[in-house]
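The next block holds one structure in the form of structure tokens; read it before the comments.
Please read these numbers as outputs of a predicted model, since none were measured by experiment. In what follows, every chain begins at residue 1, and chains take the letters A, B, ... in the order their sequences are listed.
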Amino acid sequence: MNENETPRAAELLTPEQLKQAAFDWGLTPYEYERILEGLGRQPTLTEIAMFSVEWCEHCGYPKSRNVLGMLPNTSASVEVLVGADSGGFYLTPDLAVVMKVESHNHPSQVEPYQGAATGVGGIIRDIFTCGARPVAAGNSLRFGSLSDPYTRHLLRGVVKGVGDYGNSIGVPTLAGEVSFNASYTGNCLVNAMAVGIAPTDRLLSAAARGAGNPVLYAGSRTGRDGIGGCSVLASHEFGEGEEKRPTVQIGDPFTEKRLIEACLEAATTGWIVAMKDMGAAGVTCTTSEMSAEGGMGMRIDLQRIPRRESGMQPYEVLMSESQERMLMVVARGHEDDVIRLFGRWELSAVVIGEVTDDGILTVLDGGEEVAALPAQFLTTPPRYDLPYERPAYLSEKWAYDLSAVPEPESYGEALLTLIGSPNLCSRQWVTEQYDHTVQANTVQGPGGDAGIIRVREAAPLGVAVTMDGSSRLVYLDPYEGARLLVAEAARNLACVGAEPKIVTDGLNFGNPDKPDRYYQFREAVRGIADACREFELAVISGNVSFYNESPEGPIHPTPIIGMLGVVPDVNRTASIGFRADGDRVILVGASGCPGSLAGSEYLAVLHGVEAGRPLSVSVSDEKRVQCVVRDMVRSGLAVTAHDLSEGGLAVALAECAIRGRRGARIRLPDVASAEALFGEAPSRVIATVAADRISEAAAQLATAGVPWVDLGEVGGDQLSIEGTLEVGVDELEARWEQTIPSVMSP
Amino acid sequence: MARARITIRLKPTVLDTQGAVVKTALHSLGFDGVLDVHMGKSIQLDLEAGVGRSEVEAMCRQLLANPVIEDFEIELTDGANA
Amino acid sequence: MARARITIRLKPTVLDTQGAVVKTALHSLGFDGVLDVHMGKSIQLDLEAGVGRSEVEAMCRQLLANPVIEDFEIELTDGANA
Amino acid sequence: MSALPPLNWGVVVFPGTNCEIETVYVLKELLGQDARTVWHRETDLSEFDGLILAGGFAHGDYLRAGAVARFSPVMDSISRFAADGGAVVGICNGFQVLVEAGLLPGAMLHNRSRRFLSRWVNLRAEASSSPLLSGLTPGEVFRVPAAHGEGCFFADPDVLAEMTANGQIAFRYCGEDGAVTDTANPNGSLECIAGVTNAGGNVLALMPHPERAAEAVLGGDDGRRILESIIRGARPRLARAA
Ligand SMILES: Nc1ncnc2c1ncn2[C@@H]1O[C@H](COP(=O)(O)OP(=O)(O)O)[C@@H](O)[C@H]1O
Ligand SMILES: [Mg+2]
């Protein structure tokens, strides 16, 4: 840009004051130098605000982008959709599926209800902004110990927030997880995921094109909500910047629902050149990123933006995170058509500027120019390769002697304790607050290994989704833990008969400026990347959340995997509950698994220990197991299937019994031990097969080259493991059901 | 017995989604004289004699109001200690 | 500008489940002096001068309260016509 | 069903309604009916044989569920449609709108747990005098999903007595065996009431979602039988005009 046209507002502050403002908004001295150098002049205050949000981790990913480059974003097995806000793939030549995860950790810790609600609102906008109808939602929630009253306050608020928002807009919640660990005390995690489906010819781009095309703002009015939320709130550890916490954002699902319908209708008209939702950094983010993506510029006037509050400064309008707002580039001449269309949905849409071909984002406030920045420069923050160092605790944790773990006095009691423990007990108190049948496509709701929806436009085709996180195993071994996580998510899909296709990842970590935390981050991403490559999965979208620390320390590193798979025929899926007396119960996968108590729930719950060196998963073994299980489910040979994860074999059997309301008589292949019952070795699934088809199953498993054992049969009202334990299914169910309700009531 | 009447309102800068809908509805019913609508909660507490304002304030801060987004107001009647 | 403050409460014959929940929660926080809790809504209307009580009553009857389950009370301030 | 000519259904959509797409789908694709959505600003309903107020959160359910929707332009036409004897069916949010509008007696309160509740429930068909339910046998049990936060039906004792005497109770929540007990009551509804009709029997509403239980692959098709009964019992517009 022309240096002589330095916007006037700059002259109001001295260079020193401007620099100070930049630091207050979270820019570093290095970054400030880059800005001066890139612009060749002093920035205005408004411009500094814009850089501070665009260059923060939440929008610009300066500290993670290099590492994220390891993730495979294509795969040989799917045609991946790139360019959209949330990535996806082509389910059929005519239908695209998009999916994304987003964190709302810090807002939820401050205000659980609104923080979680706006998290759902934001991720849903990411989906319909590309022309896709949201068809499924998921959420991964992590809190401190359930015995802490503040955890319960957060849990109550977050679950209600997730539920109220998703329920109102009519998107079924099908997958997710809730777990408790002391490391989240003071910093809960709320990751929301959404899946959408679009006819391929209605997919919308987010790239501004066509100089002279009008730029429209639609939806709610702008207030001072969450100003600088992404740069300030998400870039500080809790405790260190309490007074910097800006006002929280408030969600309005009623407006969002109308926005969904209006935007999807608009997507059918051909009038929309590009669309993007205003999430973090609102107007700044949408105008600059849409411009940059299209290689264009924009000229907008802030005075035309509908406001909810008076006296807002230009930087406030630009940084506001008011919810339920969209930005659109419309084909010239159709602005009134679009405004009328939104009007029919009782929403306002206004022209706030136009696309330019100079590559400059020019911001006017009435007559006055308050910013003029090259869009490309504004959206390209410096990237950092931060120092990293293997955390000191790892060697100590790995040295933990698993052979010294005493056997429990009673295996039955141990099972009851585990099944009633906060991380393994029933999630019904949570999932019942989420509508999971709306849209009338839900083949399997929450509570199984994966949620399944029918795709009505392509019936009997369906998609299955799962959302899994790992923290203890990643804490104990960031690389192997992350690989185990990807394997588990894929296994969940295999158990319902789905073939995994795409991944979205939510990466929740501590302060990246601390080398041990950055090590966790790098290694976990490397683990996800390697595992996804081995599974031929494309990571099509994701989210990074750093600075998850409280005065007590960092959270356990917590990557979350959202994975989606294809079910060719929704009439051929499996669920986990035992179905019929006499069915054979088989364990697919290895039985004796030395070392599998490392990092297990058993160790944590019964011995209060988080230690050991997690096993390494062999992806080729894992794939063989998953493949044969998937085939058996699809052919109907496997009547039920359930993957083994936290709590190991005994807990998995108990879950099958509880959900099927019938017992089983089991004989273990090896000597009973805590390791055999509760070890968490990967690549294992329990399936049931009709007794008269067991030889068919045996043949198929042999052909697949997968180890397996016949454990016994379904029947009776006890879960009995010969010579080891015998527990009534009613008693298991009672212990499993009561844990959360008993502490959450009233 | 004493009684406390607590009124809880969203802070003025916080978006009042309900108020906006109710205002539109009142206008559509022809009540054009309504300039603005603010939705809030009203909680009435029946209290043992001797429960004073400071205790009611503690209830508001700890449970009844959400200090991040709400303000509260307390009125005491019938001989509650001020 | 006039202002009306409307308090809407469940009729005594309707079970106040929220009040019961809040009461238990207050007790569990140690506020034992709470005998009973009644939850209601408080709606504040900013009104053009000249809007009187009868009009606000009409708003309550038509929209703001549901006469099957709720009672309402109106307080007018700042020079609204009585 | 195939013997009868299809009826034409209007599925009423307020801003915030969210079950209209599947309701139209079930009517058209599974039950062979004609159906289209009706935006809440439409007032001419003369083309329809019956109306369904679909589930969702009309106007965000702000203030009270259904309170604001009651003043939508379409509501006067719905009242006239009902007064003419046309079938008007409210599902979930539609139930809330119909009680707020006074087309059905009673009122709706928040669930007793104060939590939204999404769960498959069992419904027992009651001895109803409504033609819309004449295809059901009293005592028959239907398993269908429920998903609501404000589904606790309330009516004054005299109103309830009158409704009961008139055969206006359509469904009650029950156990798998049909027993109406407190434990089967998901939301604290008065006398486990899950569905009611007006005195004329042509306005019917229920909280659970029969349209979500119309196909075995989705977990059950009991809801389909409820919808089929409604379709058979609706008085087509030609019959009403005559
Ligand atoms: N917050 C939540 N939202 C939706 N579904 C959930 C949530 N938490 C748990 N679930 C569901 O409960 C079931 C059990 O969860 P989990 O034990 O984490 O399963 P797994 O170990 O097989 O991944 C899954 O179907 C999961 O989708
Ligand atoms: Mg699983």
Side-chain angles (χ1 to χ4, degrees), chain B residues 1-10 12 16 18-65 70-76 78 80-81, chain C residues 1-10 12 16 18-65 70-76 78 80-81:
Chain B
M1 191 192 68
R3 180 164 281 181
R5 176 167 145 166
I6 301 163
T7 308
I8 297 172
R9 265 181 223 300
L10 289 173
D16 182 357
Q18 293 211 54
V21 167
V22 172
K23 178 170 136 188
T24 313
L26 286 170
H27 286 176
S28 77
L29 290 175
F31 295 112
D32 298 323
V34 176
L35 301 173
D36 217 343
V37 178
H38 307 275
M39 299 295 291
K41 288 179 216 158
S42 167
I43 305 176
Q44 185 182 301
L45 303 179
D46 297 344
L47 301 166
E48 269 172 17
V51 177
R53 177 176 294 273
S54 62
E55 199 169 336
V56 176
E57 271 175 15
M59 297 180 207
C60 288
R61 273 195 312 272
Q62 287 178 46
L63 180 76
L64 303 176
E70 292 170 333
D71 292 327
F72 60 87
E73 222 177 81
I74 299 171
E75 278 169 73
L76 291 173
D78 305 348
N81 303 341
Chain C
M1 194 190 66
R3 181 164 280 181
R5 178 166 142 165
I6 301 162
T7 308
I8 297 172
R9 267 181 220 300
L10 288 174
D16 181 1
Q18 196 183 5
V21 168
V22 171
K23 181 171 135 188
T24 315
L26 284 170
H27 286 177
S28 76
L29 289 174
F31 296 111
D32 300 322
V34 176
L35 302 172
D36 216 344
V37 179
H38 307 275
M39 300 296 293
K41 291 177 203 160
S42 168
I43 305 177
Q44 183 182 302
L45 303 179
D46 296 344
L47 300 167
E48 270 172 16
V51 177
R53 176 176 294 270
S54 62
E55 200 169 334
V56 176
E57 266 176 15
M59 296 179 205
C60 288
R61 273 197 311 273
Q62 287 179 44
L63 175 71
L64 302 176
E70 294 169 329
D71 292 326
F72 61 87
E73 222 175 81
I74 299 170
E75 277 169 72
L76 292 174
D78 303 349
N81 303 341

Atom of B/Asp32, atom of C/Glu48 and distance for their closest heavy-atom approach: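 Of all heavy-atom pairs spanning B/Asp32 and C/Glu48, the closest is O-OE2, 4.1 Å.
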Where do B/Leu63 and C/Ala25 come nearest, in terms of heavy atoms and distance?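 Residues B/Leu63 and C/Ala25, closest heavy atoms: CD2-CB, 3.7 Å.
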Which portion of B/Ala4 sits near chain C, non-hydrogen atoms under 4.5 angstrom: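 The answer is neither part of B/Ala4.
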Would you check if C/Val34 and B/Met59 make a side-chain contact, meaning some heavy-atom pair closer than 4.5 Å?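 Contact flag for C/Val34/B/Met59 side chains = yes.
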To the nearest 0.5 Å, how far apart are CD1 in B/Ile43 and CD in C/Gln18?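 Interatomic distance, B/Ile43 CD1 to C/Gln18 CD, rounded to 0.5 Å: 7.5 Å.
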Could you tell me the separation between the CG atom of C/Leu47 and the CG atom of B/Leu35, rounded to the nearest 0.5 Å?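 Atom-to-atom, C/Leu47:CG and B/Leu35:CG are 6.5 Å apart.
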Taking every non-hydrogen pair under 4.5 Å, which of C/Leu64, C/Asp46, C/Ile8, C/Val56 racks up the most with chain B?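 So the answer, after comparing C/Leu64, C/Asp46, C/Ile8, C/Val56, is C/Asp46.
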Identify which one of B/Arg5, B/Lys41, B/Arg9 satisfies the side-chain contact (heavy atoms from CB on, under 4.5 Å) criterion when paired with C/Ser42.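 Only match with C/Ser42 under side-chain contact (heavy atoms from CB on, under 4.5 Å): B/Arg9.
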